[in-house]
Amino acid sequence: MKKIIEAIVILVVVVVAIYWAANFLFLNKLGPRSKAAGETVDIIYDPTSAAPTANQDFTITAKIKPSVDVTLRGYYIAIPFNKSIIKVKSIAYKVGVTSADLGNTTADISTINQNGLLEINGEVANGIGQIIPVTTTGTDLVTITFTALATTGTSFQADAKMYLISSDGTITETGITAVPKFDINGGGTLVTAINCIPFTDTFSVAGLNNFWSPASTDASSSSMIVATGSANLMLKGKQGSVNTFYLTDTKTVKGDFIVEVLLKNLIASSDANLQLNLTPVAPSASNNSIRIVRIAGNQVISAFNNLGTGTAVAQASSGNLGISQTTPIKVKIERTGTKVNTYYDMQTGQGYTLLKTFDNVPDVESKVSISTSSFESTYPNVTSVIDDFALNCTTATTTTTNTNTNTNTNTNTAVTGNVKVTLKLKFQGIGKKPADSQNSMVVKVSLKKEGTTTKVDSQGTFTADVSGVWTGTVGFNIADISGKWLAYVKGPQHLQKKACDSAPTETKAGTYSCANGNITLAIGDHTTVEHSFNFTGITLLVGDLDQSGVVDSVDLGLVKNNLGKKDAAILAKSDLNRDGVVDTQDFSLILAALSVRTDEQ
């Protein structure tokens with residue numbers, strides 16, 4: 001009997017050991033993979049401060065410090081700094097590798113120091129991530145060497161987020177609980193952003209992203225709840241109460257930028273608002289705040305330009321849009337210099353409508369916020385829902401005339417139409433000529449006259465040269481070519497990009513954005529300058545694999561489920577950088593696309 005019991009015990013131990021080993025080796029399900037509620041992920045610096053002399057180098061290491069073991073797939077750290085006091089000398093990634101076309105490396109030193117912004121973007125390129133254990137000292141992520149240009153004190157505070165693999169194998173974006181400031185020579189004015197730091201929130205994860213900071217006039221009657229892929233802002237029973245959610249101080253904006261949000265609904269009996277706000281950090285009689293307001297009952301979108309005293313000095317209204325309280329409307333504030341444009345989009349496929357342009361708006365540091373308010377005497381409950389928030393940083397550029405006469409000399413006899421346009425394009429992740437079997441793609445190109453809503457669609461076949469520049473010719477039949485035009489370009493695996501000029505430029509991939517068309521067309525030979533669009537100064541972002549107009553879980557799955565495959569049919573859909581295999585580089589590109597998400601309209 002004793003031997004039987006011993007045999008049973010041994011058998012149980014062996015079975016458990018085999019089960020554990022199988023899970024570990026083949027499914028990796030026993031390893032820590034996600035960040036659960038109540039757990040934290042911090043960034044710490046080693047050392048915690050520095051005191052260099054003028055022209056002396058100093059090195060700091062940014063470390064990740066979770067409260068429980070997590071599995072890291074990727075990470076992003078943006079470090080704004082005072083470029084007149086310090087400069088970046090070198091960058092060394094300690095976990096994983098640099099995400100191609102996304103993260104800064106030592107090769108980008110000139111641009112980094114010109115902008116005063118270092119963007120670390122790394123990935124663990126094995127498809128399963130790297131376990132980051134709990135330690136008292138943290139795990140090294142990246143080491144950065146700076147050079148002090150003076151002994152003046154300065155401080156910076158980074159913006160960071162991590163991409164963690166959850167227990168079901170999906171990847172989630174996780175904000176950092178705490179990022180301390182770093183003091184140099186005793187510290188000084190805190191640098192939190194140069195112009196702005198891009199940020200998106202699709203509210204796809206339960207719980208409020210810690211980049212939002214509530215500021216309700218009556219916290220007991222207000223709440224913001226993230227559920228089912230959107231955020232619900234609620235007010236209960238208080239006349240005159242306002243429920244506001246600001247982006248935190250690390251995400252103030254200055255300079256040129258675009259901020260958008262979907263106002264999904266505003267449910268109230270009559271006098272209530274749901275609005276997107278741009279408010280100066282230091283309001284004054286000369287500093288303006290801009291608001292785009294959805295007004296319940298009237299079903300209109302209004303734009304306000306308020307002085308710091310609260311006086312509305314200019315406003316515009318869409319008029320009654322004939323919509324219900326549950327009809328979604330997207331709104332946008334776009335700043336270029338001292339000009340601020342406000343827009344609304346009815347989500348009918350026609351794109352944005354200009355609501356109001358405000359001129360001479362002072363370029364001061366401002367906060368972005370979303371708020372809902374009630375002014376009804378009957379104290380009703382107000383419920384509003386928002387989604388798809390995006391803050392994008394842009395650089396104002398002077399419109400230039402394309403002087404590049406090196407057009408495509410291979411006339412394509414299949415191209416028809418009275419207007420023929422040759423385009424040169426640059427696609428994200430493709431930095432060289434692909435193999436002949438993959439060196440061809442059909443690209444959709446549309447033209448739209450400024451002030452109209454109808455696009456003229458066409459498409460053409462494009463091929464790449466040795467530097468990864470894709471060239472093709474597209475024909476259009478257009479009766480009236482007068483006026484200024486917008487161009488829209490969409491590759492077979494890519495998000496649609498809108499261009500207002502024939503030679504647009506950007507300083508960082510994917511940041512170019514524009515409003516008003518400035519392209520001139522002419523009828524005739526496509527080798528003329530007017531018909532040559534040089535779009536190589538901007539990058540067409542990859543991600544919309546199923547051409548639905550949005551980057552979502554379907555697109556993510558087309559890459560994730562085909563990792564390691566080389567079949568021609570699969571490569572045509574899932575090989576984003578066209579290197580002949582679906583691998584972690586493609587996976588990194590699709591992850592980055594989730595922060596952009598939709599076609600430009």
Side-chain angles (χ1 to χ4, degrees), residues 217 231 233 235 239-246 253 257-280 283 287-336 338-348 350-362 366-377 380 382-391 451 453 515-516 601:
T217 57
L233 291 81
L235 290 171
Q239 182 186 21
S241 59
V242 180
N243 191 12
T244 302
F245 285 82
Y246 290 94
V253 293
F257 63 88
I258 296 172
V259 59
E260 303 172 277
V261 68
L262 183 66
L263 309 180
K264 294 187 76 170
N265 65 46
L266 173 58
I267 300 175
S269 55
S270 60
D271 196 2
N273 297 334
L274 176 60
Q275 57 196 49
L276 174 65
N277 312 290
L278 177 66
T279 308
N287 289 346
N288 309 68
S289 62
I290 307 296
R291 297 183 293 141
I292 303 182
V293 184
R294 178 173 184 167
I295 304 174
N298 297 329
Q299 302 311 317
V300 301
I301 297 292
S302 295
F304 295 88
N305 182 7
N306 288 8
L307 293 177
T309 57
T311 304
V313 296
Q315 61 182 4
S317 173
S318 64
N320 196 318
L321 297 173
I323 59 176
S324 71
Q325 293 188 357
T326 58
T327 300
I329 302 175
K330 199 165 192 177
V331 296
K332 175 168 73 172
I333 296 175
E334 178 183 78
R335 172 195 278 281
T336 305
T338 59
K339 176 181 290 187
V340 175
N341 291 326
T342 57
Y343 304 85
Y344 67 92
D345 181 353
M346 297 286 290
Q347 301 290 285
T348 59
Q350 300 301 311
Y352 278 109
T353 298
L354 178 64
L355 180 61
K356 177 69 176 179
T357 297
F358 298 111
D359 294 311
N360 302 316
V361 178
S366 301
K367 285 188 174 184
V368 174
S369 64
I370 300 167
S371 62
T372 190
S373 57
S374 172
F375 301 95
E376 300 184 38
S377 59
V382 176
T383 300
S384 52
V385 180
I386 62 171
D387 200 359
D388 294 337
F389 176 89
L391 170 64
T453 58
N516 302 318
Q601 302 295 332

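Source: prediction; values computed, not measured.
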Pairwise distance [atom1]([X]) to [atom2]([Y]) - rounded to 0.5 angstrom:
{"X": "N305", "Y": "I290", "atom1": "CG", "atom2": "CD1", "answer": "4.0 Å"}
{"X": "L391", "Y": "F257", "atom1": "CG", "atom2": "CZ", "answer": "7.5 Å"}
{"X": "N516", "Y": "N341", "atom1": "CG", "atom2": "CG", "answer": "6.5 Å"}

Check whether any side-chain heavy atom of [X] lies under 4.5 Å from a side-chain heavy atom of [Y], and answer yes or no.
{"X": "Y344", "Y": "L321", "answer": "yes"}
{"X": "I370", "Y": "Q275", "answer": "no"}
{"X": "N277", "Y": "V368", "answer": "no"}

What heavy-atom pair brings [X] and [Y] nearest, and what distance separates the two atoms?
{"X": "S366", "Y": "L278", "value": "CB-CD1, 3.5 Å"}
{"X": "D388", "Y": "K330", "value": "O-CE, 4.3 Å"}
{"X": "L274", "Y": "N265", "value": "CD2-O, 3.6 Å"}
{"X": "L355", "Y": "S302", "value": "CD2-C, 3.8 Å"}
{"X": "K339", "Y": "T357", "value": "CG-CG2, 3.6 Å"}

Between [X] and [Y] (side chain of the first, backbone of the second, donor and acceptor by atom type, cut-off under 3.5 Å), is there such a pair?
{"X": "R294", "Y": "L263", "answer": "yes"}
{"X": "T342", "Y": "K356", "answer": "yes"}
{"X": "D345", "Y": "Q347", "answer": "yes"}

task = Dump the intermediate steps for side-chain contact (heavy atoms from CB on, under 4.5 Å) on V261 and V331, then the final yes or no.
result = CA-CA 6 Å; V261 68; V331 296; 3.9 Å; yes

request  = Before giving the answer on side-chain contact (heavy atoms from CB on, under 4.5 Å), spell out for I301 and I292 the whole-Å C-alpha distance, their side-chain angles and the decisive distance to 0.1 Å.
outcome  = CA-CA 7 Å; I301 297 292; I292 303 182; 3.6 Å; yes

task = Under the side-chain contact (heavy atoms from CB on, under 4.5 Å) rule, what do F389 and L262 come out as? Steps first, then yes or no, please.
result = CA-CA 7 Å; F389 176 89; L262 183 66; over 6 Å; no

inquiry  = For M346 and I323: C-alpha separation, side-chain torsions, deciding distance, then whether side-chain contact (heavy atoms from CB on, under 4.5 Å) applies.
reply    = CA-CA 9 Å; M346 297 286 290; I323 59 176; 3.5 Å; yes

query = Between the side chains of E334 and Y352, does any donor sit under 3.5 Å from an acceptor?
reply = no

